[in-house]
Amino acid sequence: MALSCAATLIFTSCISSDDDNTRYYQGYYTITGTYPNYKLIEDGGSIVYPTVASVNKVTESKGFGDNKRAIIAISYDENFLTTNSDGISVVRNAEIQSGNYLVNVTPISLAAAQDKNIVVTDSVFSIGAFSSYWISNGYLTTIFTAPVSYAPDYLTTGQLINPTVNLCINPADITENNVTLNLLYNRHTKKDAMSTNVPNLVYSFDIANINIPGSDTVNVTLKAEGANDIKLKIPRRSFVHPQ
């Protein structure tokens with residue numbers, strides 16, 4: 001997963017407690033609010049308010065900046081866990097333990113992808129398979145296995161070549177209550193270059209601005225070279241960024 005985390009946040013705090021009321025949880029979050037007061041919206045819907053002290057500790061008092069998506073592990077006292085009127089769990093005074101920012105990709109139109117030669121045959125590589133995928137808070141999150149090419153000096157540096165992922169949208173693939181999303185994977189080498197399979201590559205795509213006509217749930221088809229098509233039926237509220 002480190003390969004997909006171009007802006008990795010190194011968390012250094014280690015929180016422990018002998019209190020039986022302490023609980024630990026890790027999830028995928030959308031970051032809202034501004035420094036130093038943040039509101040984290042978990043993809044499952046729960047709301048977390050981290051302490052200012054823990055935000056400062058793990059970010060060296062810089063805050064989360066422009067980052068909007070992250071995997072975050074927290075601890076909290078269950079006495080600060082409540083449920084709001086919508087049945088959503090709310091955690092206050094949470095302590096951030098660890099985490100990584102997610103690579104957050106803005107989708108590209110087919111015309112723009114063609115202009116940049118992103119969709120040419122030499123630039124589109126196969127992935128292995130999607131292991132997980134979901135849409136929440138206005139973001140598509142994918143986890144998949146894919147081959148990653150060795151760097152030319154791998155034997156001395158041990159480095160791999162960081163792949164690039166785009167999400168391409170053809171306006172012709174958008175109809176009433178339907179949209180097709182094309183994941184484009186580029187290893188930045190020749191296709192026969194030496195590579196190794198890397199599991200759990202995580203990417204997040206901001207799809208909140210896709211204009212999908214209709215009023216019902218949205219039928220989403222996710223395509224990628226080398227993988228089976230994924231078909232999802234998603235409530236429209238899942239395409240909206242949380243406040």
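We number each residue from 1, following the sequence as shown.
- Asn166 contributes no side-chain N or O that, together with a main-chain N or O of Cys168, makes up a donor-acceptor pair within less than 3.5 Å.
- Cation-pi geometry between Arg92 and Phe80 is not met at under 6.0 angstrom from the ring centre and within 45 degrees of the axis.
- Scanning all heavy atoms of the two residues, the minimum distance from Ser126 to Pro147 falls at O-CD, 3.6 Å.
- There is a path of hydrophobic side-chain contacts, each under 4.5 Å, that joins Tyr150 to Ile127.
- The hydrophobic cluster containing Ile118 does not contain Ile169, counting ILVMFWY residues as joined when their side-chain heavy atoms lie under 4.5 angstrom apart, directly or transitively.
- The line from CG of Asn186 to OG1 of Thr189 is 8.0 Å long, rounded to the nearest 0.5 Å.
- In terms of hydrophobic clustering, with Ile, Leu, Val, Met, Phe, Trp and Tyr side chains grouped at heavy-atom distances under 4.5 Å, Leu167 and Val119 are assigned to different clusters.
- For CG of Asp153, the number of neighbouring non-hydrogen atoms (other residues, nucleotides, ligands) closer than 6.0 Å is greater than 12.
- Among Thr32, Thr30, Asp206, the one residue that satisfies the side chain to side chain contact (heavy atoms under 4.5 Å, CB included) test with Asn137 is Thr30.
- In this structure, Ile210 and Leu181 have side chains that are in contact, with non-hydrogen atoms separated by less than 4.5 Å.
- Using modelled atom types, one finds a donor on one side chain and an acceptor on the other under 3.5 Å when comparing Thr164 with His188.
- Residues Arg187 and Ser195 come closest through the heavy atom pair NH2-CB, 3.5 Å.
- Under a hydrophobic-cluster definition in which Ile, Leu, Val, Met, Phe, Trp and Tyr are linked whenever side-chain heavy atoms come within less than 4.5 Å, directly or via other members, Phe205 and Phe239 are assigned to the same cluster.
- Between Tyr154 and Gln159, the shortest heavy-atom contact is CD1-O, 3.1 Å.
- Between the CG atom in Asp43 and the OG1 atom in Thr141 there is a gap of 5.0 Å [rounded to 0.5 Å].
- The main-chain N or O of Val124 is found under 3.5 Å from a side-chain atom of Lys191 such that the two form a donor-acceptor pair.
- Across every non-hydrogen atom of Ile108 and Ala112, the tightest pair is CG1-CB, 3.5 Å.
- Between the side chain of Tyr38 and the backbone N or O of Phe64, at least one donor-acceptor pair lies under 3.5 Å.
- Ring geometry for Phe130 versus Phe144: interplanar angle over 60°, hence perpendicular rather than tilted (30 to 60°).
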TODO: Go through the steps for Tyr28 and Trp134 under the test ring-ring contact (aromatic ring centres under 6.0 Å, His included), then give the verdict.
DONE: CA-CA 11 Å; Tyr28 290 80; Trp134 65 93; 4.9 Å; yes

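- Applying side-chain hydrogen bond (donor to acceptor under 3.5 Å, both in side chains) to Lys223 and the options Asp173, Asp229, Asn182 leaves one that passes, Asp229.
- Nearest approach of Ala193 to Ser149, heavy atoms of both residues: CB-OG, 4.2 Å.
- Cation-pi geometry between Arg69 and Tyr29 is not met at under 6.0 angstrom from the ring centre and within 45 degrees of the axis.
- Contact record, Asn197 with Pro199: O-CD, 3.9 Å, taken as the closest heavy-atom pair.
- Here CD1 of Ile41 is found 11.5 Å from OH of Tyr139. Values are rounded to the nearest 0.5 Å.
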Open item on the list: Under the criterion side chain to side chain donor-acceptor pair (under 3.5 Å), I'd like the reasoning laid out for Asp86 against Asn84: C-alpha separation, chi angles, the key distance, then a yes or no.
Closed with: CA-CA 5 Å; Asp86 295 326; Asn84 67 18; 4.7 Å; no

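- Going from atom CG of Asn178 over to atom CG of Asn219 covers 4.5 Å, rounded to the nearest 0.5 Å.
- There is a path of hydrophobic side-chain contacts, each under 4.5 Å, that joins Ile74 to Ile31.
- Side-chain contact check for Ile47 versus Val91: every heavy-atom pair is 4.5 Å or farther apart.
- Partner of Arg236 under the side-chain hydrogen bond (donor to acceptor under 3.5 Å, both in side chains) criterion, chosen from Asp216, Asn177, Thr217: Asn177.
- Annotation: cation-pi geometry not satisfied between Lys62 and Tyr35 (NZ/CZ under 6.0 angstrom from ring centroid, within 45° of ring axis).
- With 3.5 Å as the limit, one finds no donor-acceptor pair spanning the side chains of Ser89 and Ser46.
- Side-chain atoms of Leu201 and Thr145, non-hydrogen and from C-beta on, never get closer than 4.5 Å to each other.
- Panel note: side chain Ser131, backbone Ile143; a donor-acceptor pair is recorded below 3.5 Å.
- A 6.0 Å sphere centred on CG of Asn228 holds no more than 12 heavy atoms belonging to other residues, nucleotides or ligands.
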